[in-house]
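What follows is one structure encoded as structure tokens, with my remarks underneath.
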Protein chains: 2
Amino acid sequence: MTSAAPRRSQEARSEDTQRRLLEATVALLLERGYTRLTTPDIARRAGLSRGALTHHFASKEDIVVRALGAQLEATTSGLRRFCDSRPAPTMNTDDVVDYLWPMMEQGLFYVTLEYLPEARNNPGFRAQLLPLVQDFHAALDAIWTRLSESYGVPPEQARVTMNATMCLIRGMIAQTVLRDDPAYFKQILDYWKGHLRTSLGARRPAERAA
Amino acid sequence: MTSAAPRRSQEARSEDTQRRLLEATVALLLERGYTRLTTPDIARRAGLSRGALTHHFASKEDIVVRALGAQLEATTSGLRRFCDSRPAPTMNTDDVVDYLWPMMEQGLFYVTLEYLPEARNNPGFRAQLLPLVQDFHAALDAIWTRLSESYGVPPEQARVTMNATMCLIRGMIAQTVLRDDPAYFKQILDYWKGHLRTSLGARRPAERAA
DNA sequence: AAAAACAAACACGCAAGCATGTTTTTCGGC
DNA sequence: GCCGAAAAACATGCTTGCGTGTTTGTTTTT
């Protein structure tokens with residue numbers, strides 16, 4: 001019993017510590033919001049001291065930006081995996097919507113709602129966020145393009161339609177904050193699914209073969 | 001030159017002061033955001049002292065809630081006027097979208113983006129906001145219902161379609177914060193206008209006469 | 001005279017940034 | 001393969017600025 005701690009390398013320690021702090025940041029962002037997010041709380045949540053945080057991250061802005069970058073990347077890679085999992089004929093447009101809605105509603109877009117106001121009013125913060133978000137949008141466009149190939153529609157059409165779908169979901173989730181009315185949102189989502197079926201998808205194999 | 005000030009009644013003074021403070025609140029909410037909104041700034045902007053503000057409003061939350069209520073009411077009454085101004089045959093669905101988009105994009109929804117996070121994380125604030133927003137949504141539904149009569153479609157269909165339109169616009173405006181790309185948003189808006197033309201409107205007089 | 005409207009000053013709490021300690025890991029020389 | 005210095009990782013305490021709520025004081029209307 002020389003030491004219970006197995007002497008980890010500094011790189012491993014550092015990486016683990018940063019990961020814990022970034023995860024705590026996203027969790028608190030979702031639970032309490034940006035204005036109530038404090039660096040002492042982040043450190044506490046990660047089981048570390050505030051000094052550890054200031055050692056790895058220059059400022060509150062810095063840790064938030066890096067936490068959001070990680071969240072956005074995890075999101076696109078998850079979506080990509082989903083779209084690859086079952087291509088064209090087995091996956092219909094309803095399935096895509098049924099993936100996107102919970103993806104956004106279970107955290108992603110509530111976190112977005114927290115940092116959008118700060119991004120709008122804090123030029124430095126916005127400048128740091130812009131490249132991350134551009135990558136995110138580019139990754140989405142790439143996924144919509146692959147979907148268009150599966151469905152046999154022009155890429156441009158799929159991109160516009162799916163980006164509109166994302167915007168619709170964003171607006172709906174924003175509304176959920178002050179409207180607790182699941183039936184209302186289900187109605188809109190069903191309406192949209194119907195629209196997507198005729199506008200994007202469900203060409204029968206015979207049609208797609210041509 | 002006994003007095004340049006013409007001895008106004010207390011009620012008139014009070015009303016004017018409150019109006020100036022509420023207008024300053026909305027303006028600053030749009031310009032600097034909720035977290036940067038301070039009561040000294042509001043008073044300064046209104047050309048009054050902080051004491052005047054605290055005299056008329058119990059707290060920062062209080063003045064914000066009342067300012068937002070005024071903004072929401074002004075919005076619905078403006079929209080109602082617009083829809084009454086030129087009913088059915090002369091007003092097409094494109095015109096409605098061309099009214100709604102600037103209405104939201106020139107301030108209303110950016111202000112919304114400022115207070116939504118606070119509403120999500122501050123139960124007291126949210127509770128005060130809920131009735132105002134319920135009235136707002138009810139007023140919108142009433143307007144959509146009148147539109148449905150003009151266009152000769154079932155009220156339910158118009159309500160779902162127009163509420164979806166509002167959600168789409170909300171989501172798009174949220175995206176504008178970190179995506180400066182007018183062509184992208186125009187493309188989506190044009191796409192949606194096309195959908196609305198076939199889905200809601202533009203039945204020819206002969207058809208509507210029946 | 002009293003009550004409302006407005007003004008100015010005070011007090012408290014909090015969170016970020018910084019600076020100064022302590023521990024753990026790394027690495028070069030022997 | 002070991003020892004000691006340097007550096008990285010982590011912890012603790014201080015300081016400063018700021019915004020809200022509150023209180024006390026002054027002017028205007030009733």
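Convention: sequence-line order gives letters A, B, ...; per-chain numbering from 1.
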Between [X] and [N], is there a contact of a side-chain N or O with OP1 or OP2 at under 4.0 Å?
| X | N | value |
| --- | --- | --- |
| B:T17 | C:dC6 | yes |
| B:H56 | C:dA4 | no |
| B:T38 | D:dG19 | no |
| A:S49 | D:dT12 | no |
| B:S14 | C:dA5 | yes |

Considering only side-chain heavy atoms of [X], which listed nucleotide, [options], is closest?
| X | options | value |
| --- | --- | --- |
| A:H55 | C:dG17, D:dG21, D:dC10 | D:dC10 |
| A:R50 | D:dT20, C:dA16, D:dA11 | C:dA16 |
| B:T54 | D:dT22, C:dA16, D:dC10 | D:dT22 |

[X] [atom1] - [N] [atom2] separation (whole Å):
| X | N | atom1 | atom2 | value |
| --- | --- | --- | --- | --- |
| B:D62 | D:dT20 | CG | P | 14 Å |
| A:I63 | C:dA16 | CD1 | P | 11 Å |
| B:R44 | D:dT20 | CZ | P | 11 Å |
| A:I42 | C:dG17 | CD1 | P | 11 Å |
| B:Y34 | D:dG19 | OH | C1' | 12 Å |
| A:K60 | C:dC14 | NZ | C1' | 12 Å |
| B:F125 | D:dT20 | CZ | P | 13 Å |
| A:R32 | C:dA15 | CZ | P | 10 Å |

- Item | A:E23 and A:R19 ion-paired at < 4.0 Å | yes
- Base partner of D:dT30, which must satisfy Watson-Crick or wobble distances under 3.5 Å: C:dA1
- Can you check side-chain contact (heavy atoms from CB on, under 4.5 Å) on B:I169 and B:F109, steps first, answer last? CA-CA 9 Å; B:I169 291 176; B:F109 194 65; over 6 Å; no
- Task: Decide whether a cation-pi geometry holds between B:R66 and B:F57; the criteria are a distance under 6.0 Å from NZ or CZ to the six-membered ring centre and an angle within 45° of the ring axis.
- Result: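 Verdict for B:F57: no cation-pi partner in B:R66.
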- Task: Over 60° means perpendicular and under 30° means parallel, so classify the ring planes of A:H195 and B:W192, tilted if in between.
- Result: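 Perpendicular.
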- Do side-chain atoms of A:D84 reach the backbone of A:R81 as a donor and acceptor pair under 3.5 angstrom?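 Side chain of A:D84 to backbone of A:R81, a donor-acceptor pair under 3.5 Å: no, none is there.
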- Message: Just to be sure I understand the rule, does B:L53 reach a base, reach only the sugar-phosphate, or reach nothing, if contact means heavy atoms closer than 4.0 Å?
- Response: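 Answer is nothing: B:L53 stays at 4.0 Å or more from every strand.
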- Message: Judged by each residue's nearest nucleotide on DNA chain C, which is more toward the 5′ side, A:T39 or A:G51?
- Response: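 Closer to the 5' end of DNA chain C: A:T39.
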